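Here is the structure we will look at, set down as structure tokens.
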Amino acid sequence: MHYQVVIIGSGPAGLTAGIYMGRAKLSALIVEGPLPGGQLMTTSAVENWPGEVSIQGPDLMIKMRQQAEKCGASLLSQSVTHIDASQRPFVITLDDGKNVTADALIVATGATARRLGCKGESEYWSKGVSTCATCDAPFYAGKDVIIVGGGNTAVTEAEHLSHVANKIYLVHMFDQPTATDPIKDKVLQNPKIQRIANSTVVEVGGDGHHATHAIVEDQKTHQRTTIEVYGVFLAIGTTPNTDIFRGQLDIDKYGYLVVRNHTTTSVEGIFAAGDVADYRYRQAITSSGVGCMAALEAQAYIAGRK
Ligand SMILES: Cc1cc2nc3c(=O)[nH]c(=O)nc-3n(C[C@H](O)[C@H](O)[C@H](O)COP(=O)(O)OP(=O)(O)OC[C@H]3O[C@@H](n4cnc5c(N)ncnc54)[C@H](O)[C@@H]3O)c2cc1C
């Protein structure tokens, strides 16, 4: 099968790109991948999507999917295992071994937040365990929370949470957070933030409905302490889903696709959108916005080729 554009990924970036390509009456295939609907399928209330005061993440993504289909995009419940960016049209290999070809490609494979893998983490996922303080901070107003991590993301999120939460425990692995100044200094001087050095969370516990506490272990003494908290925020890194593009597209040292002018990758005709190329904002609205930009760039590219 040949399409004018193949969109790899069905999160906010990919589905928005699909809406724009469909409305432009170009043949567009969205390959949904291992997590149809993307990261928002794993959360509960979303309260920062304009036009929706509060909406469940899966409900929002089902609406976006329906809209993409209604606009004319085709969806395929498979994953991409390989692309050949050296040929025109581009060749995209699916996990059943079949190939599809495309004049243009939009990569919207997102990113995966790293998890601790500790006891209780899955049970209380989205019920106290979160990977996004920017998204979830208001749910923790006046509460005590833990942030796991000591890098720039962790201290930035600690600072962000300090505006709403009652107390923040910053649990980090080394003597000092590895974050850079001046944000680190600002956080260390914040009276609401208490550092717990050389430590990690080894268990999240709760009442069956929501997290109520976490067990923190000192990595030097192995002493364990139970801390009563309503939330545990993981800020231990994010892995962009770019493995299948290695050797085909430029990738930076952190694994993100390298783009210029917002969406242009190192190969002409291949565009990127969303968390796969964004270590900074990582929001549904920004991913959708760049998905729109990638679609408009892909339309211009296809028109130019004609
Ligand atoms: C728990 C949680 C709560 C969040 N809450 C909010 C919130 O309230 N507000 C907000 O703005 N943001 C929130 N975010 C962040 C938001 O979900 C992301 O910024 C956004 O989903 C990124 O969109 P994306 O389209 O770039 O990628 P993703 O949503 O990560 O989607 C990636 C897509 O790529 C597909 N894919 C991956 N590999 C392949 C492959 N090989 N072949 C084909 N497809 C592939 C996946 O199946 C998936 O469909 C939250 C994130 C999490 C984890």
Side-chain angles (χ1 to χ4, degrees), residues 6-19 29-50 52-62 64-65 68 75-83 92-96 100 105-115 121-122 124-139 157 231-235 238-246 248 255-257 259 263 271-295:
V6 166
I7 299 162
I8 310 176
S10 58
L15 291 175
T16 304
I19 290 167
L29 175 71
I30 302 172
V31 185
E32 293 190 284
L35 184 58
Q39 295 170 60
L40 285 186
M41 296 301 284
T42 69
T43 193
S44 46
V46 174
E47 298 192 343
N48 55 9
W49 183 262
E52 299 280 358
V53 174
S54 181
I55 184 167
Q56 294 294 302
D59 292 343
L60 177 62
M61 296 319 299
I62 287 165
M64 268 192 224
R65 188 185 193 280
L75 286 111
L76 186 66
S77 306
Q78 285 199 44
S79 293
V80 170
T81 55
H82 184 259
I83 65 162
I92 301 104
T93 306
L94 303 167
D95 52 14
D96 64 359
V100 289
L105 268 182
I106 296 176
V107 177
T109 47
T112 309
R114 282 185 211 131
R115 298 194 186 193
E121 183 185 46
S122 297
Y124 291 106
W125 184 259
S126 222
K127 296 173 199 157
V129 180
S130 171
T131 51
C132 185
T134 312
C135 316
D136 293 342
F139 302 129
E157 299 218 326
V232 176
F233 286 85
L234 309 181
T238 303
T239 308
N241 301 320
T242 51
D243 277 357
I244 57 170
F245 307 110
R246 285 194 186 277
Q248 307 271 340
Y256 290 89
L257 289 185
V259 286
T263 64
F271 305 91
D275 283 11
V276 72
D278 173 19
Y279 63 88
R280 190 178 171 85
Y281 300 108
R282 293 183 289 162
Q283 294 293 289
I285 185 71
T286 50
S287 299
S288 277
V290 183
C292 157
M293 290 189 232

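Values below: every heavy atom of this structure, side chains too, minus hydrogens, waters and symmetry copies. Everything numeric in this text was worked out from a predicted model, so none of it was measured. In each ligand, atom 1 is the first atom listed, and ligand 1 is the first ligand listed.
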Stepwise, does the side chain to side chain contact (heavy atoms under 4.5 Å, CB included) test hold for Ile244 with His82?
CA-CA 6 Å; Ile244 57 170; His82 184 259; over 6 Å; no
Can any side-chain N or O of Gln78 pair as donor or acceptor with the backbone N or O of Val31 at less than 3.5 Å?
no
Please list, in number order, the atoms of ligand 1 under 4.0 Å from a heavy atom of Val31.
43 (C), 44 (N)
Are the side chains of Trp125 and Thr131 in touch, meaning some heavy atoms are under 4.5 Å apart?
yes
Heavy-atom nearest pair, Asp136 first then Ser130, reads OD2-OG, 2.7 Å
In terms of heavy-atom contacts, Leu257 and Ala277 come closest through O-CB, 3.7 Å
Quick check: does Glu32 get an N/O under 3.5 Å from an N/O on ligand 1?
yes
Can you pull out the closest protein heavy atom to atom 44 (N) of ligand 1? Residue, atom name and distance to 0.1 Å, please.
Gly33 CA, 3.1 Å
Would you say Asp275 has any N or O atom under 3.5 Å from an N or O of ligand 1, going by distance alone?
yes
Using a 4.0 Å cut-off to any heavy atom of Thr42, which atoms of ligand 1 qualify?
1 (C)
Heavy atoms of other groups near Tyr279 OH, more than 12 under 6.0 Å:
no
Using a 3.5 Å cut-off on N or O atoms only, is Arg282 in polar contact with ligand 1?
yes
Give me the residue, atom name and distance of the protein heavy atom closest to atom 22 (C) of ligand 1.
Ser287 OG, 3.2 Å
Looking at atom 41 (N) of ligand 1, what's its closest protein heavy atom, distance included?
Val80 O, 3.0 Å
Working to the nearest 0.5 Å, report the span between OG of Ser77 and CG of Leu94.
11.5 Å
Close N or O approach (Gln283, ligand 1; < 3.5 Å):
yes
Strictly under 4.0 Å, does any heavy atom of Ala108 approach an atom of ligand 1?
yes
Is there a donor-acceptor pair closer than 3.5 Å between any side-chain N or O of Ser288 and the backbone N or O of Ile285?
no
Counting heavy atoms only, which of Thr242, Leu35, Ile55 comes nearest to atom 47 (O) of ligand 1?
Leu35
Could you walk me through whether Val80 and Phe245 satisfy the side chain to side chain contact (heavy atoms under 4.5 Å, CB included) test, starting with their C-alpha distance in whole Å, then the side-chain angles of each, then the deciding distance to 0.1 Å, before giving a yes or no?
CA-CA 10 Å; Val80 170; Phe245 307 110; 5.6 Å; no
Counting heavy atoms only, which part of Asn48 comes closer than 4.0 Å to ligand 1: side chain, backbone, both or neither?
side chain
Is there at least one pair of N or O atoms, one from Ile244 and one from ligand 1, spaced under 3.5 Å apart?
no
Does at least one non-hydrogen atom of Ala111 fall below 4.0 angstrom from an atom of ligand 1?
yes
Distance to 0.1 Å, residue and atom name: give those for the protein heavy atom nearest to atom 37 (C) of ligand 1.
Thr109 O, 3.5 Å
Kindly confirm or rule out an N or O of Gln39 lying under 3.5 angstrom from an N or O of ligand 1.
yes
I'd like the name of whichever of Ser79, Gly9, Ser130, Ala284 reaches closest to atom 12 (N) of ligand 1 through any heavy atom.
Ala284
Nearest non-hydrogen protein atom, atom 27 (O) of ligand 1:
Gly110 CA, 3.3 Å
Nearest option to atom 23 (O) of ligand 1, as decided by whichever heavy atom of Pro12, Gly37, Cys132, Cys135 sits closest
Pro12
Specify the protein heavy atom at minimum distance from atom 31 (O) of ligand 1: its residue, its atom name, and the distance to 0.1 Å.
Gly38 CA, 3.4 Å
Could you tell me whether Ala13 and ligand 1 have an N or O pair separated by under 3.5 Å?
yes
Under 3.5 Å, side chain of Asn241 to main-chain N/O of Thr109, donor-acceptor pair present?
yes
Looking at Gly255, is its backbone amide N or carbonyl O close enough to the side chain of Thr242 to form a donor-acceptor pair, meaning the two atoms are under 3.5 Å apart?
yes
Below 4.0 angstrom from a heavy atom of Ile8, which ligand 1 atoms are there? Numbered from 1 as shown, please.
42 (N), 43 (C), 44 (N)
Going by heavy atoms in the side chains, are Val290 and Thr16 under 4.5 Å from each other?
no
Starting from atom 2 (C) of ligand 1, what is the nearest protein heavy atom, named by residue and atom, and what distance separates them?
Thr43 CB, 4.0 Å
Min side-chain heavy-atom separation Ser287-Asp275 under 4.5 Å:
yes
Counting from 1 in the order shown, the ligand 1 atoms closer than 4.0 Å to a non-hydrogen atom of Gly274 are 26 (O)
Can you figure out which of Pro138, Ser126, Ala17, Pro34 has its heavy atom closest to atom 36 (N) of ligand 1?
Pro34
Are more than 12 heavy atoms, taken from residues, nucleotides or ligands other than Arg246, located less than 6.0 Å from that residue's CZ atom?
yes
Purely on distance, is any nitrogen or oxygen of Val46 under 3.5 Å from one on ligand 1?
no
Before signing off on this row, confirm whether Ser10 and ligand 1 have an N or O atom pair separated by under 3.5 Å.
yes
So Gln283 and Pro12, do their side chains get closer than 4.5 Å, heavy atoms only?
no
Please confirm whether the backbone N or O of Ile83 pairs with a side-chain atom of Gln248, one donor and one acceptor, at under 3.5 Å?
yes
